[in-house]
Amino acid sequence: MMTVWAVLGGFVLDALFGDPAWLPHPVVYMGKAISKLEKFLRPRLPKTPQGELLGGAVTAFCLPVGTFLVTSLVCLAAAKLSPWLGLAVQMFWCGQALAAKGLVQESTNVYRELTKPDLPAARIAVSRIV
């Protein structure tokens, strides 16, 4: 039942506040983790298609498992301090995962730029999403 409250609370937080501008989105941290893992793996694996495939497989395994472990440990530690704190952390992260308000805002910016005859500005708007 707590999961339902976490998702509902995250939806409400996202609808009200969106992604906080002062805090990078979790995808930014995932991108940094991918970069570090790639820098670690590339020199250690053969520079062949099989080596690159293995590196991709290791990254595809490590990123979701690592994300799950880190978020689980933080949520468990917060819940151990206080069940309400644990719920608040889960709500916050659910809101960031949904990110619907930010996606609507950025998509609207892309649309606005595409309606103008300025393709470079539209490309910049798209780059804020991806």
Side-chain angles (χ1 to χ4, degrees):
M1 189 64 180
M2 290 296 265
T3 303
V4 172
W5 288 114
V7 173
L8 287 174
F11 181 78
V12 169
L13 286 174
D14 179 55
L16 292 174
F17 305 111
D19 285 331
W22 55 269
L23 183 65
H25 195 274
V27 171
V28 172
Y29 296 115
M30 291 177 189
K32 289 179 181 185
I34 290 169
S35 293
K36 288 185 180 188
L37 191 55
E38 185 177 4
K39 285 179 186 174
F40 175 79
L41 290 174
R42 285 219 182 249
R44 290 165 176 79
L45 294 173
K47 296 183 185 350
T48 63
Q50 292 82 10
E52 290 187 6
L53 186 62
L54 178 60
V58 168
T59 302
F61 174 79
C62 289
L63 188 65
V65 170
T67 301
F68 174 77
L69 290 174
V70 168
T71 55
S72 295
L73 291 173
V74 171
C75 287
L76 287 172
K80 194 167 189 152
L81 290 173
S82 162
W84 295 107
L85 179 60
L87 181 61
V89 169
Q90 290 179 47
M91 284 181 176
F92 176 74
W93 278 346
C94 282
Q96 282 204 305
L98 293 170
K101 183 175 184 176
L103 185 58
V104 168
Q105 289 171 343
E106 296 302 331
S107 298
T108 302
N109 292 341
V110 171
Y111 177 77
R112 190 177 309 116
E113 294 301 331
L114 285 172
T115 59
K116 300 175 188 175
D118 188 6
L119 192 56
R123 286 185 176 135
I124 291 170
V126 167
S127 73
R128 292 184 41 83
I129 297 174
V130 294

Tell me the closest heavy-atom pair linking Arg42 and Glu52, and the distance in Å. NH1-OE2, 4.0 Å
Shortest non-hydrogen contact from Gly10 toward Cys94: CA-CB, 4.0 Å
Quick one: list whatever passes side chain to side chain contact (heavy atoms under 4.5 Å, CB included) with Met2, sequence neighbours left out. Leu87
By the rule that ILVMFWY residues connect when side-chain heavy atoms come within less than 4.5 angstrom, directly or transitively, which residues belong alongside Leu41? Leu37, Phe40, Leu45, Leu54, Val58
Within this structure, what is the [atom1]-[atom2] distance for the pair [X] and [Y], rounded to the nearest 0.5 Å?
{"X": "Thr67", "Y": "Leu63", "atom1": "OG1", "atom2": "CG", "result": "4.5 Å"}
{"X": "Gln90", "Y": "Leu85", "atom1": "CD", "atom2": "CG", "result": "10.0 Å"}
{"X": "Met91", "Y": "Leu8", "atom1": "CE", "atom2": "CG", "result": "8.0 Å"}

Would [X] and [Y] show up in the same hydrophobic cluster when neighbours are defined by side-chain heavy atoms closer than 4.5 Å?
{"X": "Tyr29", "Y": "Val65", "result": "no"}
{"X": "Trp5", "Y": "Val12", "result": "yes"}
{"X": "Phe17", "Y": "Leu98", "result": "no"}

Check whether more than 12 heavy atoms from other residues, nucleotides or ligands sit under 6.0 Å from atom CZ of Phe11, and answer yes or no. no
Should Thr59 and Glu38 count as side-chain neighbours, where that means a heavy-atom distance under 4.5 Å?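 SC-SC contact between Thr59 and Glu38 ruled out.
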Within the structure provided, determine whether Val104 and Lys101 are in side-chain contact (heavy-atom separation under 4.5 Å).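 Val104 vs Lys101: side chains apart.
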Please enumerate all residues that pass salt bridge (Lys or Arg N to Asp or Glu O under 4.0 Å) together with Lys116, with sequence neighbours excluded. Glu113
